[in-house]
K.L.:
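Below you'll find the structure I mean.
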Amino acid sequence: MTDPATGASVTTGSSPDEPTGTVVLESVTKRFGTAVAVDNITLRVEPGEFLSLLGPSGCGKTTTLRMLAGFEQPDEGSIRISGKDVLGIPPYKRNVNTVFQAYALFPHLTIAENVAYGLQQTKVPKAEIRTRVADALDMVRMRTFADRKPQQLSGGQQQRIALARALVNRPSVLLLDEPLGALDRQLREEMQLELKLLQSRVGISFIFVTHDQHEALSMSDRIAIMREGRIEQLADADTIYGAPKNSYVAGFIGQQNFLDATAKDVTSADSAVGPVTTTNVNPAVHGGDRIVAAVRPEFVQLAASADGGKSPGRANVFDGTILSSSHLGETVQFLVDLGNEVSIQARLPTPTAPRLSEGDRATVTFSPDSVQFFPSESTAPQQEPTKE
Amino acid sequence: MTEEPIRILAPRSAIPTIKRELSRRNFLAFSAAAASVATLAACTPGGGAKPGTGIMASGGPLESSLNIFSWGDYDDPAVVQSFTDKLGPKVTFGSYGSNEEMIAKLVAAKGTSGYDIVVPTGVFVPQLAKAGLLEELNHDLIPNLKYMDPAFLKQIWDPENKWSVCKAWGTTGFVYNKNIITRELTTWNDFMDAAQNEASGKTSLLDDPAEITGMYFWANGIDWNTTKKADLDAAEKFLVDTLAKHIAAFDSYPGGTAIPQGTQTLMQVWNGDARIGILNSTNPDQWVWRLGAPATELWMDNWSIAMGAKHPEAAHAFINYTMVPETQLKQLDYIGYHTGAAGIEDAAKAENLPMLDMVFFTPAQLATMKNGELNENQDRVVAIWTAMKAAAGA
Amino acid sequence: MPKLRLPKATLALPAWVWLLAFFAAPVGLIIWYSFGYKPSIFGTHANDILSLDRYAEALSPTFFSTFSNTLWVGVVGTLACLIIGMPVAYWMAVKVPTAKRGLLIAAIMIPFWTNFLVRTIGWQIILAPQGWLSQGLQAVGLIDGPLEILYTRTAVLIGVIYNYLPLMILPLFVAFDRVGEPLREASKDLGAGRLQTFLRVTIPLARPGIIAGLLLVYIPLMGDYITATVLGGAKGNMAGQLVAAQFQSAQNWALGSAMAVVLILTILLSAAVLGLIIWLATLPFRSHYRLRLGAEA
């Protein structure tokens with residue numbers, strides 16, 4: 001563990017390796033009593049990157065953010081911001097700003113005064129404060145509200161002010177703690193778009209904490225999926241979605257069908273309803289292992305089988321009975337009973353979806369390249385369905 | 001205003017102090033403040049019920065309860081308990097801190113105060129009777145009057161004991177610390193001289209208007225009931241302009257804390273309170289008690305029955321009961337004042353009660369004690385007292 | 001007139017009746033009596049001749065010093081309560097874990113379970129020249145002679161601070177607690193240190209609680225006569241004692257009422273003046289951070 005005092009005094013300013021806006025966490029651990037909130041995390045955020053920390057509540061994402069802001073100190077490991085060790089540095093001496101979950105706008109100050117607050121703490125001349133505050137408010141299109149009090153604004157407007165208040169200080173890193181959580185869905189989606197545009201415009205590193213996968217997927221350059229204080233996978237949205245590292249990530253992002261199976265080799269396995277094959281080789285899977293085979297509902301094909309004929313022995317092809325079908329607008333979702341207490345979800349585009357209803361016989365197929373094998377010990381309990 | 005047992009978490013040594021602070025003639029009568037406000041609207045000045053409208057006691061059966069409105073902690077609880085055990089009526093006490101407070105309450109209630117017995121100081125009896133606030137006593141129901149010393153009956157304010165009968169009496173003197181005041185003090189003049197010299201800033205006076213002007217008049221050979229403007233002007237000039245700045249406290253009960261804790265050097269004090277203070281003192285030998293001279297006061301508190309008393313039989317029985325010689329002795333031992341009983345001095349000596357020279361006085365001393373009077377100087381005396389207190393704090 | 005007004009007023013009716021009967025009426029009576037006089041020994045007040053003579057008496061030089069003494073104790077005592085109470089309240093609201101706060105609040109409230117008079121007498125025993133504090137200080141050699149503090153204005157000050165401190169701490173605690181950790185964190189996040197955060201976020205947001213605490217302490221303290229009687233002796237005289245003496249001992253309700261009215265006016269006026277002074281004193285600070293962009297752009 002780095003000595004806070006020396007660590008802070010030795011490394012000053014940005015280094016060639018870690019230019020301004022770089023955030024580095026090395027083997028960071030944080031405990032509250034006996035509970036480990038953050039467990040040996042190592043992470044590097046590049047300047048100008050939009051990185052999301054995604055996970056359920058209690059996964060350690062907020063604690064990680066609070067350590068970056070300076071509200072918590074790590075028990076082990078080191079944190080560097082723009083190449084500077086920040087261990088023991090209080091929040092008010094860090095060149096980072098935070099957008100808080102409930103905005104935390106000062107109710108006794110006007111919008112302009114809220115935005116000016118950070119600038120007033122430094123020796124910025126009054127005239128410059130005026131122009132910078134005005135510019136910041138223009139940036140979030142809230143200029144006309146400058147002299148109102150926060151409680152006179154709607155949630156979305158307060159959200160913009162919180163953003164302006166943080167960004168006006170030109171931090172090297174902006175921390176966002178579930179900033180959109182309190183907004184209704186439509187406004188949230190609007191703000192996601194705005195936030196992403198804003199980030200690319202100001203070019204500041206954004207570290208964004210959320211439990212909402214859509215938010216993370218739509219805005220982030222990279223996503224760190226967290227669970228129980230650890231990072232399960234750190235990758236861009238495509239990789240996370242298409243090549244989840246384990247069944248937990250697979251289950252957390254989007255929806256997944258999990259079939260318990262026994263691997264014969266790295267590409268084929270036997271499940272309770274028949275053989276499954278994949279083209280995605282997972283080095284963690286060995287012949288004879290208990291595994292889960294994961295396939296997303298949107299990759300599952302469904303066709304009516306008039307005679308209910310069996311298709312034994314054919315990999316990735318199963319017969320079943322429709323348990324339910326529900327119309328979701330752009331898609332139709334089916335739940336199909338494959339027998340032996342195994343059921344599978346299929347989601348098909350509305351125009352091409354077969355007209356099947358409860359009790360109809362159907363054949364389920366999926367292609368091997370849509371299947372992933374994961375060792376079964378890392379199987380997470382199926383996440384609660386994401387909000388739709 | 002039921003007197004509830006007070007439970008106090010305090011060091012044992014503090015208990016007598018606290019008890020004394022909450023006791024007879026205590027200036028701090030908090031109930032009064034509340035009562036004043038509540039009765040403001042109801043009260044008409046000088047109003048009252050007409051005499052004789054209450055139920056007069058005739059020796060019938062005793063009622064089951066009795067309400068006494070008296071100075072705090074002024075009766076031995078053992079005596080009260082034995083009265084209830086022997087005769088039945090359950091006794092409830094209410095307490096007041098000044099005659100004025102008690103009178104204000106009786107006036108406001110107009111005979112419906114609910115109190116049976118009140119304990120006014122002698123000088124207030126004539127006006128109370130005149131205002132129709134008292135019932136006449138039925139002497140047939142108080143046969144134990146025979147145990148009383150005639151010297152303390154038939155006082156000037158109630159020559160026939162028609163309205164009142166002696167409960168206890170006392171006088172005024174002073175106590176000083178002989179380690180600090182090494183000369184001998186004997187008179188009020190000595191007292192006032194020492195107050196301006198050795199005991200300046202360490203002197204307390206009784207918090208009672210008449211006692212303060214009285215002290216000046218006694219020292220200067222003036223009748224302390226004087227109504228002459230010149231006398232009162234002279235008293236005010238001396239007390240407010242000269243003496244006030246040397247006064248540390250206006251304390252009616254130096255026996256409570258000041259004497260035991262050694263707070264002051266010189267204190268004007270009532271005899272019974274001085275005695276208790278010295279008895280409770282860790283260093284009793286440093287204190288010297290002097291009866292005020294050349295003249296001083298004799299005050300007497302009296303049993304009276306309030307107009308409209310609901311339990312007159314029990315009230316008479318209680319007054320009668322307190323006059324039994326052994327009861328008298330218990331009361332004296334408890335409150336530290338002479339109860340007016342005949343032969344009580346011998347009985348007290350036989351019991352070896354301590355410091356009886358502060359309870360009993362020689363005929364020569366008694367001759368120097370003067371009764372007070374409630375007359376038209378009252379407002380002026382109160383004004384002098386108020387002004388002196390303000391001047392002392394300036 | 002809006003239609004909703006009537007039901008609203010009706011709802012408040014019990015409160016109005018209560019206020020009228022137990023506040024407005026007594027205060028009105030006091031004001032009425034203050035224009036009267038004391039007619040006789042047993043008469044407490046009469047109003048057949050009205051005059052301002054009682055006010056002349058109440059404001060005479062004799063009593064003026066008592067009123068100024070009271071004002072001194074009131075202002076110094078209230079400020080002392082604020083200075084002592086603020087760190088305690090802040091510590092309780094900010095540093096103490098929520099689970100342990102109840103215990104602390106109970107500990108602060110415990111003195112209230114004891115009679116006001118008895119509590120104050122306790123200080124009389126402690127502060128007496130031969131009391132244990134005096135003996136203790138002498139034993140460790142901090143003072144040479146006995147402690148000469150009882151029956152002085154200092155003793156009154158100690159007494160009122162002790163008696164009224166909880167009334168300051170509780171509203172301050174509630175106020176600090178309501179500011180909440182998020183706003184303090186936001187302030188620090190924006191570069192404000194502890195002091196700046198305290199001055200610019202905590203204090204302004206806790207202002208209603210601070211004002212409540214100041215009034216809760218100042219008003220009863222100014223009228224207090226128990227503490228002054230028990231601990232002040234002749235030197236720590238307060239106006240409450242004058243009023244009490246006029247009502248109880250002197251039975252001069254006219255003069256007592258005039259004094260009470262003067263005391264009420266003193267409290268109101270001094271509170272207003274103090275508020276104005278604080279407002280003016282903090283004006284430069286507040287205007288320094290004031291920012292109005294106006295409707296331009």
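All chains are named by letter (A, B, ...) in the order of the sequence lines, taking the proteins before the strands, and each is independently numbered beginning at 1.
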K.L.:
Could you pull out every donor-acceptor pair under 3.5 Å between side chains of residues 240-248 of chain B and any protein atom, sequence neighbours left out?
P.N.:
residue	atom	partner	partner atom	Å
Lys245(B)	NZ	Asp241(B)	O	3.2
His246(B)	ND1	Ser200(B)	OG	2.7

K.L.:
Is it the side chain or the backbone of Thr114(C) that comes within 4.5 Å of chain B heavy atoms, both, or neither?
P.N.:
neither
K.L.:
Top residue by heavy-atom pair count (under 4.5 Å) with chain B, among Gly256(C), Ala234(C), Gly233(C)?
P.N.:
Ala234(C)
K.L.:
Could you state the interatomic distance from CG (Asp251(B)) to CE (Met267(B)), rounded to the nearest 0.5 Å?
P.N.:
9.0 Å
K.L.:
How long is the straight-line distance from CD of Gln135(C) back to CG of Leu147(C), given to the nearest 0.5 Å?
P.N.:
11.0 Å
K.L.:
Look at Leu205(B), Thr263(B), Val382(B) and state which one has the largest set of heavy-atom pairs under 4.5 Å with chain C.
P.N.:
Thr263(B)
K.L.:
Side chains of Leu157(C) and Trp72(C): closer than 4.5 Å at any heavy-atom pair?
P.N.:
yes
K.L.:
Could you check whether any side-chain N or O of Gln124(C) sits under 3.5 Å from a backbone N or O of Thr120(C), counting only pairs where one atom can act as donor and the other as acceptor?
P.N.:
no
K.L.:
Given heavy-atom pairs under 4.5 angstrom as the criterion, report whether the side chain, backbone, both or neither of Glu57(C) touches chain B.
P.N.:
neither
K.L.:
Heavy-atom distances under 4.5 Å only: say whether Thr62(C) touches chain B with side chain, backbone, both or neither.
P.N.:
both
K.L.:
Side chain from CB out, backbone as N, CA, C, O: work out which of these in Asn283(B) comes under 4.5 Å of a heavy atom of chain C, or both, or neither.
P.N.:
neither
